[in-house]
There are 2 protein chains.
Amino acid sequence: MDTNFPDLRQFGGAEAFLRVCKPRVVLEMFTSKWTALVMGALLDGPRRFSELRRALDGITQKMLSQTLRTLERDGLVTRTVFPTVPPRVDYELTALGRSATGILEAIGAWAGEHADAVIAARTTYDARAAEPPRPVT
Amino acid sequence: MDTNFPDLRQFGGAEAFLRVCKPRVVLEMFTSKWTALVMGALLDGPRRFSELRRALDGITQKMLSQTLRTLERDGLVTRTVFPTVPPRVDYELTALGRSATGILEAIGAWAGEHADAVIAARTTYDARAAEPPRPVT
DNA sequence: CCGGATCCACTTAGATACTG
DNA sequence: CAGTATCTAAGTGGATCCGG
């Protein structure tokens, strides 16, 4: 099989390549701890800040706020402020955001089939690493 | 739409939920900087350490070594030592590892369609954030 | 109610030097 | 050739306090 792995020297090394690699940009959208969970909580429709805070029982205000702002910046979520008192702010997935949840579903599907194998492999590896050193014979 | 977002209090809060959530386990397999690139470099078949080091032009020995060990621990890559001198070590994707690259392909496909929209959204957001504050009227 | 600002602990990654 | 060990810099997340 030949999958045309690129010659990274064209880009000035792997480091430079990663900065312009679009799949990597997307990967980093989901790497932060709360991103996937917040998007999941928005799947059912618009939610206000305090509803999300309750749904994500245990998340700090700072992290929820920060995660939502990142999602908004990436165009995955809209933020709507109602000029009432007390203030009310609604968050909702955009079309782009809903399409991005497809990735999370793909990950969930793979996880359903293979996560146990990964966890088992870790257990085996860790047990082997904890064994006493083998005699040299 | 109702997507049955779970009541996280059942798990003792979101923090505890994330620790047992299988999709999250899978997500974290790819969060480290070099994982996806190393797996990509192994798609064409077995490679030895120095070949990978060259293919990933600019990666440090430490990060390549660390990434490969993590992949091996997760059961995605096998490590084969040939007892020759000088030593030779081959790395190869397992069946599990090859199936996991499907996730990376899904991300790549979405990126091909939507990464530009994300990048554009960021640009717009950043420009707006840099504007002078609006008068209160 | 919705956040911003600050401080701190922990993790991650790079540089460098050394070993079987 | 194929790593490991150590040190340091940078980023990420949590706790807490303050403001509109």
Side-chain angles (χ1 to χ4, degrees), chain A residues 13-19 24 27-38 46-73 77-92 129 133-134 136, chain B residues 13-19 24 27-38 41-42 46-73 77-92 129 133-137:
Chain A
E15 196 90 23
F17 172 72
L18 287 177
R19 278 195 294 273
R24 173 120 282 259
L27 205 43
E28 285 175 353
M29 287 169 36
F30 300 101
T31 56
S32 129
K33 182 172 178 180
W34 298 101
T35 305
L37 217 41
V38 170
R47 292 282 180 271
R48 45 188 304 187
F49 189 85
S50 51
E51 286 176 330
L52 290 170
R53 186 151 159 60
R54 262 190 303 277
L56 276 51
D57 181 46
I59 191 176
T60 63
Q61 277 190 337
K62 174 191 169 183
M63 290 317 297
L64 179 54
S65 184
Q66 197 175 102
T67 304
L68 287 167
R69 196 164 331 286
T70 303
L71 289 171
E72 189 195 0
R73 184 171 109 101
V77 157
T78 58
R79 177 176 185 270
T80 310
V81 181
F82 298 89
T84 60
V85 48
R88 169 196 173 129
V89 184
D90 271 20
Y91 294 92
E92 184 171 14
R134 304 285 293 282
V136 199
Chain B
E15 195 90 25
F17 172 72
L18 287 176
R19 278 195 294 274
R24 175 120 279 260
L27 206 43
E28 285 176 353
M29 285 170 35
F30 301 99
T31 56
S32 133
K33 181 172 177 180
W34 299 101
T35 306
L37 215 42
V38 170
L42 286 171
R47 290 285 179 270
R48 42 190 304 188
F49 189 85
S50 52
E51 287 176 330
L52 289 170
R53 185 151 160 58
R54 261 189 305 276
L56 277 51
D57 181 44
I59 191 175
T60 62
Q61 275 189 339
K62 175 191 168 183
M63 290 317 297
L64 179 54
S65 185
Q66 199 173 100
T67 303
L68 287 167
R69 198 164 331 286
T70 302
L71 289 171
E72 190 195 358
R73 184 172 107 100
V77 157
T78 57
R79 178 175 184 270
T80 311
V81 181
F82 299 89
T84 58
V85 47
R88 169 197 174 127
V89 182
D90 272 19
Y91 293 90
E92 183 171 15
R134 303 285 294 280
V136 197
T137 331

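Every value quoted in this text rests on a predicted model; they were computed, and no experiment measured them. By convention in this document, chain letters (A, B, ...) are assigned in the order of the sequence lines, proteins followed by strands, and residues within each chain are numbered from 1.
- Shown here are the side-chain hydrogen bond (donor to acceptor under 3.5 Å, both in side chains) partners of A:Arg88, two or more places apart in sequence or in another chain: A:Asp90.
- Residue contacts for A:Phe82: at a heavy-atom cut-off of 4.0 Å it reaches no nucleic acid atom on any strand shown.
- Taking all atoms of both residues into account, the shortest heavy-atom contact from A:Leu37 to B:Ala14 is CD2-CB, 4.2 Å.
- Along DNA chain D, read 5' to 3', the first and last nucleotides having any atom under 4.0 Å from a heavy atom of chain A are D:dG13 to D:dG20.
- Atoms CD (A:Glu72) and P (C:dG4) sit 10 Å apart, rounded to a whole Å.
- Sorted by first then second residue, the salt bridge (charged side-chain N to carboxylate O under 4.0 Å, His left out) pairs that include residues 55-69 of chain A, not counting sequence neighbours, number zero.
- Partners of A:Arg53 according to the side-chain hydrogen bond (donor to acceptor under 3.5 Å, both in side chains) rule, which considers only residues two or more places apart in sequence or in another chain, do not exist here.
- Residue B:Arg53 is out of contact with every strand shown, counting any heavy-atom pair closer than 4.0 Å.
- Not a single side-chain hydrogen bond (donor to acceptor under 3.5 Å, both in side chains) links B:Gln61 to another residue, sequence neighbours left out.
- Contact of the A:Leu68 side chain with the A:Phe49 side chain is registered, since non-hydrogen atoms from C-beta on lie closer than 4.5 Å.
- For the residue pair B:Pro87 and B:Arg48, the shortest heavy atom distance occurs at O-NH2, 3.8 Å.
- Looking at heavy atoms from C-beta onward, B:Phe30 lies out of side-chain contact with A:Thr31 at the 4.5 angstrom threshold.
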Protein within reach of the bases, or only the backbone? For nucleotides 10-16 of chain C, mark each nucleotide 5' to 3' as B, S or -, using heavy atoms under 4.0 Å.
---BBB-
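- Between B:Arg69 and B:Arg54, the one whose closest nucleotide on DNA chain D sits nearer the 5' end is B:Arg54.
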